[in-house]
Amino acid sequence: MAEAKGPATKPVSNRDFDFFYQGLADGALLVQQCDGCGALRCPPGPSCPECRSFAWTALPLGGTGRIFSYTVHHHPPLAGFATPLPVALVEMDEAIRMVGPMDDTAPDRLRIGARIATRFVERDGVAGFRFVLADA
Ligand SMILES: [Zn+2]
């Protein structure tokens with residue numbers, strides 16, 4: 001495994017994403033829930049793709065789900081991450097999919113359908129999250 005190159009980079013944020021990063025700092029995995037129709041959305045956006053409402057509420061997820069798909073990133077190096085870096089698309093138990101790193105999981109342990117949990121991390125002053133195998 002290649003060592004992490006450099007410190008973690010601070011994610012670029014904007015008014016749509018600020019709540020998400022603040023949630024991570026507070027130990028919560030947040031998605032937007034439309035106040036108009038109740039649809040969940042991730043990644044964040046200014047309006048609901050279902051009903052076009054601009055009104056929404058931050059909904060904390062339970063942090064558990066199943067791997068829907070995954071890939072293993074090898075190149076180029078990513079600041080703050082070692083390679084190979086497993087990255088999973090997870091079907092959260094709330095029926096919304098999220099992408100997240102699984103850098104504490106050996107790539108050969110990844111399986112479609114495996115149960116995952118969420119772990120919150122802080123590195124170099126940057127709050128983040130990792131998906132981990134629930135049985136690990
Ligand atoms: Zn809506």
Are the side chain of His74 and the backbone N or O of Pro77 linked by a donor-acceptor pair below 3.5 Å? no
Less than 6.0 angstrom separating the ring centers of Phe19 and Phe17, yes or no? no
Could you please spell out the steps behind the side-chain contact (heavy atoms from CB on, under 4.5 Å) verdict for Phe129 and Leu29? CA-CA 8 Å; Phe129 74 99; Leu29 196 58; 4.1 Å; yes
If you look at every heavy atom in Asp93 and Gly65, which pair is closest and at what distance? OD1-CA, 3.4 Å
With rounding to the nearest 0.5 angstrom, report the CZ to SG distance, Arg52 to Cys37. 10.5 Å
Please name the pair of heavy atoms, one in Ala58 and one in Leu30, separated by the smallest distance, quoted to 0.1 Å. CB-CD1, 4.2 Å
As a test of understanding, state which of Gln32, Glu50, Gln33 forms a side-chain hydrogen bond (donor to acceptor under 3.5 Å, both in side chains) with Arg41. Gln32
Between Val72 and Leu110, what is the shortest heavy-atom contact and its length? CG2-CD1, 4.3 Å
Any side-chain heavy-atom pair of Val87 and Asp103 under 4.5 Å: no
So Glu91 and Arg97, salt bridge (Lys or Arg N to Asp or Glu O under 4.0 Å) or not? Walk me through it. CA-CA 4 Å; Glu91 178 89 24; Arg97 293 179 188 160; 2.7 Å; yes
Rounded to the nearest 0.5 Å, what's the gap from OH on Tyr70 to CG on Leu89? Could you check? 13.0 Å
Under 6.0 Å from the six-membered ring centre of Phe120 and within 45° of its axis: does the NZ or CZ of Arg130 meet both? no
ILVMFWY cluster, Val132 and Val121 together (side-chain gap under 4.5 Å): no
Enter the distance from Trp56:CH2 to Cys34:SG here, rounded to the nearest 0.5 Å. 11.5 Å
Test log, rule side-chain contact (heavy atoms from CB on, under 4.5 Å), inputs Val126 and Leu24: CA-CA 9 Å; Val126 178; Leu24 294 179; over 6 Å; no
Start with the C-alpha distance between Leu59 and Leu40, add both sets of side-chain angles, then the distance that settles side-chain contact (heavy atoms from CB on, under 4.5 Å), and finish with yes or no. CA-CA 8 Å; Leu59 177 75; Leu40 303 180; 3.5 Å; yes
Mind running side-chain contact (heavy atoms from CB on, under 4.5 Å) on Phe131 and Thr118 for me, showing each step along the way? CA-CA 5 Å; Phe131 289 136; Thr118 300; 3.5 Å; yes
Arg123 side-chain N/O to Ala127 backbone N/O, donor-acceptor pair under 3.5 Å: no
How close do Cys51 and Cys48 get, counting heavy atoms only, and between which atoms? N-SG, 3.4 Å
Donor-acceptor pair between Asp26 and Gln22 side chains, under 3.5 angstrom: yes
Inter-residue atom distance Thr64.OG1 - Met92.CE, 0.5 Å rounding: 6.0 Å
Looking only at non-hydrogen atoms, find the nearest pair between Leu61 and Met98 and report the distance. CD1-SD, 3.5 Å
Between CG of Leu78 and CG of Leu85, what distance do you get to the nearest 0.5 Å? 6.5 Å
Return the CE to CZ distance between Met102 and Arg109, rounded to the nearest 0.5 Å. 8.5 Å
